[in-house]
Chemist: 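Encoded as structure tokens, here's the structure I'll be asking about.
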Amino acid sequence: LLAVGLCQVVLLRKQWVEHERLSYPLAQLPIALTETSGEDASPWPAMIRNRMFAIGFGLSLFMMLWNIAGYWLNWEPFPIRWGNGTSIQIGRDFPPQIIRMNVITFTLSFFMNVDILFSIWFFQILKTLEQGLLTRVGINSVSGTAIPGGLVAVQFIGGLIAFVIWGFWTARRHLSEVWRHIRGGPSSLRDEDELLPYRTAVMLGVFGSLYVVFWLHTTGMSFPVIVVFLLLIFLFYMAVCRVVAESGFVFVDLPVNVHQFTVAILGSGSLSSQNLLGLGLGSAFARNWKALPMVVPAHIARLKSVMHIEGRTLFLWCAVAFGISLLIALCFTVYSGYRLGGAANFYQRIYGDGRFYGLVATWMKNSTHVTGTEIIFLLIGAATVMSITVARYLFPWWPLSPIGFVVAAGGTVRSAFLPIFLVWLLKVILLRAGGMKMYRSTQPLILGILIGHIVGAALSILADVLYFPDAFHEIQDY
């Protein structure tokens, strides 16, 4: 799946980077932190020597050190740890809105566009109101949906599907040009600077897809279900990859995972036990977070363009780093499995519960079928995203981005509401008071806060390893 995702990134890189000019906020961070001037004799990057960076770094590190000292002294910590927060509920049947500060989200979101920031918290409020009103009138309770989040989640998934379809429609001319290049016809495209040649990317993608299809078939899944499942996987993965590339929202998540949505669309009552078993165990690779490895090659392709490094050389070193990290992860997983004992116990201790092992039994005991109400909400979500996207093309002042709608139903957005809102407010004030000049002058302060927090987190982990090996302090969550 990762190889097929890489091939998709290679085919779309030029469209995203050169034609649509996506901002890739996450790719800006390492460049800003390591950029040096050719006339500067100092070995330290200019950003680190900036006074605003030092102020942000010092303040952030001080707060982290204060919280670490509280492990022994039990004084009131700064409310920047996971678990420090509250929630607000506007009324009965309305879901509570989490109010919690997350430094990582706050600092990374500073590099997002204002319209995306506004759209994320705006649609989060809209989602809360809609879900509460639907619950009050009893629509959710009679919908029969098997999707977590009910009809509201179905609606936002419809927006996600439309978001990806629009992206491919926008790239249709580029993709047709790529196809002519692969066939050897007249084409202005050149793939010498791509991570892989276009023809190699297509062949690797085809063989990788066939391997996945027959691997899933050996688990007992039928070919029609496999086709639907894989189409949804790559659709969801492409959506997450595009959202992160355009917005930089690294904690992006969706309200439902692909294997759950496949069962919900096809209906557990119409699927055999072999299909349900294969889809249930698909949580190992069909969860939305698994799309993040596809995000990495997309940003590698962007860094190649900015840093003027030969693409395949950069890809080679990234592949070496990936191989080393994969080996370490495998060794740690085996070690943890033996240390904790048993597959079910291992998963329960790592994740906190064993619900995914009981998912197949739940599907088998509760026969569900897609309803007309769910289809209506799916189409409403798709129409909403299409309308927002068309409005962005027609009206330059349009304040909403479809990305806000796509991610609004994810649990991570509920947790990130406060930092997203604060960053939006801060950027609006900076841009209106001093324009881009003031915004750029504030970037070193934000980066200093980010690096100070990361250094403090490393010190917290070291303190836990040395002094609290059986009672770790959780300092970061999505």
Side-chain angles (χ1 to χ4, degrees), residues 26 29-30 33-34 44-45 47-48 53-87 98-110 250-251 253 289 292 321-322 324-356 411-412 414-416 418-419 422 444-478:
L26 294 181
L29 301 181
L33 288 171
T34 58
W44 295 97
M47 178 68 69
I48 296 178
F53 180 91
I55 293 174
F57 179 86
L59 289 175
S60 182
L61 183 59
F62 171 76
M63 288 190 290
M64 291 297 294
L65 293 176
W66 177 276
N67 289 352
I68 293 172
Y71 299 166
W72 291 274
L73 302 176
N74 294 320
W75 55 35
E76 190 68 22
F78 287 99
I80 57 175
R81 296 187 307 178
W82 180 85
N84 295 133
T86 185
S87 61
I98 298 174
I99 304 298
R100 184 173 67 200
M101 189 59 186
N102 187 310
V103 177
I104 302 293
T105 302
F106 177 83
T107 52
L108 293 181
S109 300
F110 188 77
V250 70
F251 294 117
D253 194 13
W289 298 333
L292 295 182
F322 173 79
I324 295 174
S325 62
L326 178 63
L327 179 62
I328 294 174
L330 290 174
C331 293
F332 177 75
T333 302
V334 173
Y335 165 77
S336 300
Y338 277 104
R339 183 170 179 267
L340 299 175
N345 189 42
F346 167 73
Y347 193 85
Q348 184 175 0
R349 290 286 298 276
I350 293 295
Y351 191 78
D353 59 62
R355 58 185 172 180
F356 289 108
T412 55
R414 292 182 64 245
S415 302
L418 178 61
L422 292 178
L445 176 68
I446 300 299
L447 289 174
I449 294 174
L450 172 64
I451 301 303
H453 185 80
I454 293 174
V455 172
L459 294 175
S460 176
I461 294 173
L462 179 62
D464 282 337
V465 170
L466 296 178
Y467 300 101
F468 307 98
D470 296 322
F472 274 54
H473 299 85
E474 189 167 3
I475 59 174
Q476 175 63 35
D477 200 355
Y478 55 80

Chemist: Calculate, to the nearest 0.5 Å, the distance between atoms CG and CD1 belonging to L61 and I454 respectively.
Modeler: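 One gets 12.0 Å once the value is rounded to the nearest 0.5 Å.
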Chemist: Is any side-chain heavy atom of I80 closer than 4.5 Å to a side-chain heavy atom of M63?
Modeler: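 With C-beta onward as the side chain, the pair touches.
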Chemist: Does the plane of the ring in F468 sit parallel, tilted or perpendicular to the ring in H473? Use 30° and 60° as the thresholds.
Modeler: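 Rings of F468 and H473: perpendicular, as their planes differ by over 60°.
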Chemist: With a 4.5 Å heavy-atom cut-off, do F110 and L447 have their side chains touching?
Modeler: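 A side-chain contact is absent here, since even the closest heavy-atom pair is not under 4.5 Å.
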Chemist: Which pair of non-hydrogen atoms, one from L418 and one from M101, has the smallest distance, and what is that distance?
Modeler: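 Of all heavy-atom pairs spanning L418 and M101, the closest is CD2-N, 4.1 Å.
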Chemist: What pair of heavy atoms forms the shortest contact from G456 to I68, and how long is it?
Modeler: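 Heavy-atom minimum between the residues: O-CD1, 3.6 Å.
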Chemist: Got F106 and L450 here, is their nearest side-chain heavy-atom distance under 4.5 Å?
Modeler: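 With C-beta onward as the side chain, the pair stays apart.
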Chemist: Testing the basics here: between I98 and S415, what is the closest heavy-atom pair and its distance to 0.1 Å?
Modeler: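 Closest pair (atom of I98, atom of S415, distance): CD1-OG, 3.9 Å.
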Chemist: Between R100 and P419, what is the shortest heavy-atom contact and its length?
Modeler: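 That closest heavy-atom pairing would be O-CD, 3.3 Å.
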Chemist: Are the side chains of L59 and I449 in touch, meaning some heavy atoms are under 4.5 Å apart?
Modeler: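 No, their side chains stay 4.5 Å or more apart.
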Chemist: So do the side chains of T105 and T412 get within less than 4.5 Å of each other, counting heavy atoms only?
Modeler: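 No, their side chains stay 4.5 Å or more apart.
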Chemist: For residues V455 and I451, determine if any side-chain heavy atom of one lies less than 4.5 Å from a side-chain heavy atom of the other.
Modeler: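 V455 reaches I451 side chain to side chain.
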Chemist: Please report the shortest heavy-atom distance between G452 and S60, naming the atom on each side.
Modeler: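 Nearest heavy atoms, G452 then S60: C-OG, 3.5 Å.
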Chemist: As a quick check of understanding, evaluate side-chain contact (heavy atoms from CB on, under 4.5 Å) for V103 and M64, giving each step before the final call.
Modeler: CA-CA 11 Å; V103 177; M64 291 297 294; over 6 Å; no
Chemist: Working to the nearest 0.5 angstrom, can you tell me the gap between L29 CG and M47 CE?
Modeler: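 Here the rounded value is 9.5 Å.
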Chemist: Once you measure the plane-to-plane angle for F53 and F57, does it fall in the parallel (<30°), tilted (30-60°) or perpendicular (>60°) bin?
Modeler: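 Judged by the thresholds at 30° and 60°, the geometry between F53 and F57 is parallel.
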Chemist: State whether the side chain of W75 and the backbone N or O of A69 hold a donor-acceptor pair below 3.5 Å, judged by distance alone.
Modeler: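 It does not hold such a pair.
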Chemist: Can you name the nearest heavy-atom pair linking A471 to D464, along with the distance?
Modeler: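 For A471 versus D464, the nearest heavy atoms are O-OD1, 4.3 Å.
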